[in-house]
Amino acid sequence: MSEAMQPANFIEGIIMEDLETGKHKQIVVRFPPEPNGYLHIGHPKAICLNFGLAEKFGGRCHLRFDDTDPEKESIEYVEAIKRDVKWLGFDWGEHLYFASDYFEQLYEYAIELIKKGLAYVDDLSAEEIREYRGTLTEPGRESPYRNRSVEENLDLFQRMRAGEFPDGSKVLRAKIDMASPNMNMRDPVLYRIKRATHYRTGDEWCIYPMYDFTHPISDALEGITHSICTLEFEDHRPLYDWVLENVSVPCRPQQIEFARLTFSYTITSKRRLLRLIEEGYVDGWDDPRMPTLAGARRRGFTPEAIRDLCDRVGVAKKNSVVDIAMLEHCVREDLNRRAPRAMAVLRPLKVVIENYPEGQVEELEAINNPEDPSMGTRKIPFSREIFIEQEDFMEDPPKGYRRLAPGREVRLRYGYVIKCEEVIKDDEGNVVELRCTYDPNTLGGVTPDGRKVRGIIHWVSAAHAVPAEVRLYDRLFTIENPGEVEDFWNYVNPESLVVLKDCKLEPSLAEVEPGDFFQFERQGYFCVDIVDSKPGSLVFNRTVALRDTWAKIQKRQEKKG
RNA sequence: UGGGGGAUCUGCUAAUGGUAGGCGAGGUGACUCUGGAUCACCGGGUCCAGGUUCGAAUCCUGGUCCCCCAGCCA
């Protein structure tokens, strides 16, 4: 750490001070997910923050599963979360932990609390406890069981563990203050009886510790120095500190809260996402439209882009909504730098170049990535019959349209200038084919007579084209705040997925592997679907479209009328 | 309404008593064999009202608005 180092956010400020004052020699932080679901696009903020802090300040970051509710958790989620964290590019090394590994110690700490007269077994029902808790404005009342003797509490708690009492019949509560203005301090429940098989401890336990008791102790046991969590735990902090003060733990971690990451046009509520799946709006947790990391990965969002985004949004305590365009920008920026270019015609229109010799094939040289010359070049076959994009031809083009139209010229990318001589239509008047001529002197981007050809379009040789399915993905919702409306399903973007089955790819794309990504020139970034793509029946997903200035101009013209 | 937090361009975020800056979005232009990319430029902000100070986004006082908390979830 250099002296010139500036804290990037208030948490770094705290850490730098703790390091400078010698409060800590080394920092230890943790990412503590509950394995009860998939990680979503908001989680990387916490992951990058914690692992990033460890990297930056030479400390370490633990991955700890906060698995104290056996009814919701499973090993599948553990594996999914590990995969996602790794995918993002972070390594917890040896430091993989489970709160469930601390159950025995947690139990001993509970005994300690009881012995100190700071915890008691309560026979009130869940409903009674709620009633006794009071409200935001009225103090709670003390349970009639609150003043049991230490001996009786010890006996009862041991028998809770031994399974002598039915589920829900008793709990262990901290004895703090039923009149506290902080609801969390009104004798919070520490342990509940729950006969559920835990995915790791099986049926060894029938009592399970609560978060507020488990978390501070787990942190202390692991030597966590800074326990970073989200804003909603702010008023749990007094309880976090209370536990650490009253139990003989080896150290005293500090809880620090920050604002979670949320995006416009996105929901992350598990309940709501599940509904989208169950009602068929999307195809599952890894549907490329889903805000899960599994979905983002399948969509083609890169870990580099997501990490870059986390750097850019910063860390603060203000609840905020990041414009999803920021994520899209980061994805484009990363892929622009790294994605090989290719030509792919999504909605093909056949073009016959009448003055080009039948049977002749030329190999034209194309640049793999103008941003990175080291990626080299490739050859693309050109022949008499090609496909171009339907939208690159208009019979009656508006002002400003640079592409093909009857009698007009356009340049084929890396190829010749062609001119549209004739439009062939079917019985219904649809354009089905174009007859063109080419100018043999225009190869290599030149026009010997100096005439300007503004339009450049992509194309694929018909005889050499590789067929593929292309799935055009777009934002899942049409409104900025789908998380805030009741009937969010009414705002699912009907065009969030458009499937194109008759796409034509340049032949170099025949041998792609799942997960490979490309820029289809003039269109966007696409990746080979990791689930459905097979050799011979390729499936590409559009990760994000290229910025489209022409579309913007058109939209503006439409608005003007 | 008790308690805990938060308010800086349209969005995110910096400036910790000393020139309100960056990124994204939007707009304009240059350039270009991707209407891409790149580059340049433009507009635009300290929640309000007082106070302290040579000087306030920052400190003080009083308001306003927003978020979180009444699980045997985390």
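In what follows, every chain begins at residue 1, and chains take the letters A, B, ... in the order their sequences are listed.
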[X] near the nucleic acid: base, sugar-phosphate alone, or nothing, with a heavy-atom cut-off under 4.0 Å?
{"X": "A:Y401", "value": "base"}
{"X": "A:L309", "value": "nothing"}
{"X": "A:E138", "value": "nothing"}
{"X": "A:P370", "value": "base"}
{"X": "A:A126", "value": "base"}
{"X": "A:Y208", "value": "nothing"}
{"X": "A:V171", "value": "base"}
{"X": "A:R413", "value": "base"}
{"X": "A:I367", "value": "nothing"}
{"X": "A:M210", "value": "sugar-phosphate"}
{"X": "A:E234", "value": "sugar-phosphate"}
{"X": "A:D235", "value": "base"}
{"X": "A:H215", "value": "nothing"}
{"X": "A:G524", "value": "nothing"}

Identified ring-ring contact (aromatic ring centres under 6.0 Å, His included) partner of A:Y191 from the options A:Y208, A:F157, A:W205, A:F103: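 Of A:Y208, A:F157, A:W205, A:F103, ring-ring contact (aromatic ring centres under 6.0 Å, His included) with A:Y191 is met by A:F157 alone.
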
Should [X] be listed as having a side-chain N or O under 4.0 Å from OP1 or OP2 of [N]?
{"X": "A:R192", "N": "B:A74", "result": "yes"}
{"X": "A:K318", "N": "B:C66", "result": "no"}
{"X": "A:K270", "N": "B:A74", "result": "no"}
{"X": "A:T549", "N": "B:G36", "result": "yes"}
{"X": "A:K194", "N": "B:C73", "result": "yes"}
{"X": "A:R337", "N": "B:G36", "result": "no"}
{"X": "A:R133", "N": "B:G71", "result": "yes"}
{"X": "A:R556", "N": "B:U28", "result": "yes"}
{"X": "A:H329", "N": "B:G24", "result": "yes"}
{"X": "A:S125", "N": "B:C72", "result": "no"}
{"X": "A:R130", "N": "B:G71", "result": "yes"}
{"X": "A:R186", "N": "B:A70", "result": "no"}
{"X": "A:T68", "N": "B:A74", "result": "yes"}

Taking the six-membered ring of A:Y97, is NZ or CZ of A:R30 closer than 6.0 Å to its centre and within 45° of its axis?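 Negative - A:R30 is either too far from the ring of A:Y97 or too far off its axis.
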
Measure from NZ or CZ of A:R141 to the centre of the six-membered ring of A:Y132, then state whether that distance is under 6.0 Å and the direction lies within 45° of the axis. yes

If you apply the rule side chain to side chain donor-acceptor pair (under 3.5 Å), what do you find for A:S125 with A:E127, and how did you get there? CA-CA 5 Å; A:S125 68; A:E127 194 177 329; 5.6 Å; no

Considering only the [atom1] atoms, how many Å lie between [N] and [M], rounded to the nearest integer?
{"N": "B:C47", "M": "B:A30", "atom1": "C1'", "answer": "40 Å"}
{"N": "B:G45", "M": "B:G22", "atom1": "C1'", "answer": "14 Å"}
{"N": "B:G24", "M": "B:U32", "atom1": "P", "answer": "24 Å"}
{"N": "B:G43", "M": "B:G11", "atom1": "C1'", "answer": "16 Å"}
{"N": "B:C68", "M": "B:G27", "atom1": "C1'", "answer": "39 Å"}
{"N": "B:U10", "M": "B:U46", "atom1": "P", "answer": "9 Å"}
{"N": "B:A49", "M": "B:A56", "atom1": "P", "answer": "15 Å"}
{"N": "B:A57", "M": "B:U52", "atom1": "C1'", "answer": "16 Å"}

Donor/acceptor link under 3.5 angstrom from [X] side chain onto base of [N]:
{"X": "A:E371", "N": "B:U38", "result": "no"}
{"X": "A:R403", "N": "B:G35", "result": "yes"}
{"X": "A:R312", "N": "B:U13", "result": "no"}

If we call it a pair only when both distances are under 3.5 Å in a Watson-Crick or G-U wobble match, what pairs with [N]?
{"N": "B:G35", "result": "none"}
{"N": "B:U1", "result": "none"}
{"N": "B:A57", "result": "none"}
{"N": "B:U28", "result": "B:A40"}

Here's a test for you: under side-chain contact (heavy atoms from CB on, under 4.5 Å), which of A:R195, A:R200, A:K194 qualifies with A:P70?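 That would be A:K194.
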
In whole angstroms, how far is the [atom2] atom of [N] from the [atom1] atom of [X]?
{"X": "A:Y77", "N": "B:C73", "atom1": "OH", "atom2": "P", "result": "18 Å"}
{"X": "A:R332", "N": "B:U38", "atom1": "CZ", "atom2": "C1'", "result": "15 Å"}
{"X": "A:D167", "N": "B:C73", "atom1": "CG", "atom2": "P", "result": "11 Å"}
{"X": "A:W205", "N": "B:C72", "atom1": "CH2", "atom2": "C1'", "result": "17 Å"}
{"X": "A:E521", "N": "B:G35", "atom1": "CD", "atom2": "C1'", "result": "13 Å"}

Sole residue of A:D187, A:D123, A:D122, A:D177 in salt bridge (charged side-chain N to carboxylate O under 4.0 Å, His left out) with A:R146: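 Looking at A:D187, A:D123, A:D122, A:D177, the match for A:R146 under the salt bridge (charged side-chain N to carboxylate O under 4.0 Å, His left out) is A:D187.
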
Please name the residue in the list A:R451, A:R403, A:K452, A:R402 that meets the salt bridge (charged side-chain N to carboxylate O under 4.0 Å, His left out) test with A:E409.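 Exactly one candidate clears the test, A:R451.
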
Going by the angle between their ring planes, with limits at 30° and 60°, are A:H215 and A:Y240 parallel, tilted or perpendicular?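 Tilted: the ring planes of A:H215 and A:Y240 meet at 30° to 60°.
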
Students often mix this up, so state it plainly: with edges at 30° and 60°, are the rings of A:Y38 and A:Y77 parallel, tilted or perpendicular? perpendicular

Please figure out whether A:V322 or A:L231 has its closest RNA chain B nucleotide nearer the 5' end. A:L231

Taking for each residue the nucleotide of RNA chain B with the nearest heavy atom, is it A:A259 or A:P181 whose nucleotide lies nearer the 5' end?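 On the 5' side of the pair lies A:P181.
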
NZ/NE/NH1/NH2 to OD/OE distance under 4.0 Å, A:R307 and A:D311: no

Taking syn as within 90° of 0 and anti otherwise, name the glycosidic form of B:G45.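 Anti, since the glycosidic angle lies more than 90° from 0.
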
Identify which nucleotide among B:G5, B:C69, B:G35 has an atom closest to any side-chain atom of A:M183, counting heavy atoms from C-beta outward. B:C69

Between B:A74, B:A37, B:G24, spot the one nearest the side chain of A:H236, thanks.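 Minimum distance to the A:H236 side chain belongs to B:A74.
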
